[in-house]
Amino acid sequence: MKIAIGCDPNAQEAKEELITFMKQKQYGEITDFGSADPIYANTAIRVAQAVASGDYDRGIIICGTGIGVSISANKVKGAYAALLSDVYSAKRARLSNDANIACMGAFTTGSKLREELVDAFLSNEFVPGCASQPKVDAFVEYETAHCS
């Protein structure tokens with residue numbers, strides 16, 4: 001699995017902790033898209049473009065709350081970013097929604113929970129043809145028809 005990760009300056013420590021965690025869990029190739037840009041939208045969009053293009057399988061983006069990066073990432077066609085705050089939602093983001101980017105907050109989510117969220121997000125897969133397929137198809141079809 002190829003994973004793109006980035007954050008704003010507020011989340012540098014959280015990002016480094018997650019990179020270490022993912023390497024220990026052997027989740028695959030991890031590319032750091034940086035943390036120096038104080039405009040979180042810039043980093044979020046770069047990560048989202050990398051995932052939406054197919055160059056990366058998943059993305060992880062962190063800011064103070066995770067809200068700004070999730071809004072920013074979801075502006076990129078083909079990027080499906082989910083703001084994660086609990087393990088059940090992290091699993092469902094993949095299983096029910098085929099989300100390809102996990103967003104979280106450095107100030108709102110503790111380090112252990114961030115690890116659990118990433119673990120749940122990266123270890124679950126959307127199953128094509130499952131009961132959630134028509135729901136995913138609906139937002140993908142809308143995006144294809146209405147978003148340039």
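- Heavy-atom contacts from other residues, nucleotides or ligands closer than 6.0 Å to NZ of Lys77 number more than 12.
- Smallest separation of non-hydrogen atoms from Gln133 and Pro128: OE1-CA, 3.3 Å.
- A 4.5 Å side-chain heavy-atom check between Asp8 and Val69 finds every atom pair outside the cut-off.
- Side chain of Thr108 to backbone of Met104: no donor-acceptor contact under 3.5 angstrom is found.
- Under a cut-off of 6.0 angstrom, the local environment of NZ in Lys91 is sparse, with at most 12 non-hydrogen atoms contributed by other residues, nucleotides or ligands.
- Within the 4.5 Å cutoff, side-chain heavy atoms of Ile3 are placed close to those of Tyr27.
- A continuous path of hydrophobic side-chain contacts links Ile19 to Met1 [ILVMFWY only; heavy atoms under 4.5 Å].
- One hydrophobic cluster, built from ILVMFWY side chains closer than 4.5 Å, holds both Tyr40 and Ile61.
- Side-chain contact between Lys135 and Ser96: absent, with no pair of heavy atoms (C-beta onward) separated by less than 4.5 Å.
- For Ser53 against Ala50, the heavy-atom pair with the smallest separation is OG-O, 2.9 Å.
- When the side chains of ILVMFWY residues are joined at heavy-atom separations under 4.5 Å, either directly or via intervening members, Val51 and Ile30 end up in two distinct hydrophobic clusters.
- More than 12 heavy atoms of other residues, nucleotides or ligands shown are found within 6.0 angstrom of CZ on Phe121.
- Checked by atom type and distance alone, the side chain of Glu143 pairs as donor or acceptor with a backbone atom of Gly78 at under 3.5 Å.
- Counting all heavy atoms, side chain and backbone alike, Pro9 lies closest to Ala36 at CG-O, 3.7 Å.
- Counted within 6.0 Å of CD on Glu13, heavy atoms from surrounding residues, nucleotides or ligands total 12 or fewer; the atom is thus considered open.
- By the 4.5 Å heavy-atom criterion applied to side chains, Met22 and Asp119 are not counted as neighbours.
- In this structure a side-chain-to-backbone donor-acceptor pair under 3.5 Å is present from Ser70 to Ile67.
- Judged purely by atom type and a 3.5 angstrom limit, Thr109 has no side-chain atom pairing as donor or acceptor with the backbone of Ala106.
- Remark: of the listed residues Ile60, Leu117, Leu113, Leu117 is the sole one forming a side chain to side chain contact (heavy atoms under 4.5 Å, CB included) with Leu84.
- Side chain of Asn97 to backbone of Ala99: no donor-acceptor contact under 3.5 angstrom is found.
- Counting only distance, with no hydrogens or angles, the side chain of Arg58 and the backbone of Ala4 share no donor-acceptor pair below 3.5 Å.
- For the pair Val140/Tyr80, a side-chain contact is recorded, criterion being any heavy-atom separation below 4.5 Å from C-beta on.
- In this structure, Ile101 and Ala48 approach most closely via the heavy-atom pair CD1-CA, 3.6 Å.
- Side-chain contact check for Leu18 versus Glu115: some heavy-atom pair is nearer than 4.5 Å.
- Side-chain contact check for Leu122 versus Lys25: every heavy-atom pair is 4.5 Å or farther apart.
- The backbone N or O of Ala79 lies less than 3.5 Å from no partner atom in the side chain of Asn100, so there is not a single donor-acceptor pair.
- The 12-atom threshold is exceeded at CD of Glu125, counting heavy atoms of other residues, nucleotides or ligands nearer than 6.0 Å.
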Exercise. Take Phe107 and Asn10 through the test side chain to side chain contact (heavy atoms under 4.5 Å, CB included) and record every step on the way to the result.
Key: CA-CA 8 Å; Phe107 300 157; Asn10 292 320; 3.5 Å; yes
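- With sequence neighbours excluded, the residues that form a side chain to side chain donor-acceptor pair (under 3.5 Å) with Glu17 are Arg114.
- When side chains are defined from C-beta on, Val47 does not count as touching Ile5, because their heavy atoms never get closer than 4.5 Å.
- Although no hydrogens or angles enter the test, the distance criterion places no donor-acceptor pair under 3.5 Å between the side chain of Asn124 and the main chain of Arg94.
- In this structure, Tyr56 has its ring center under 6.0 Å from that of Phe33.
- Separation of atoms CD1 (Ile39) and OG (Ser72) is listed at 10.0 Å; rounding is to 0.5 Å.
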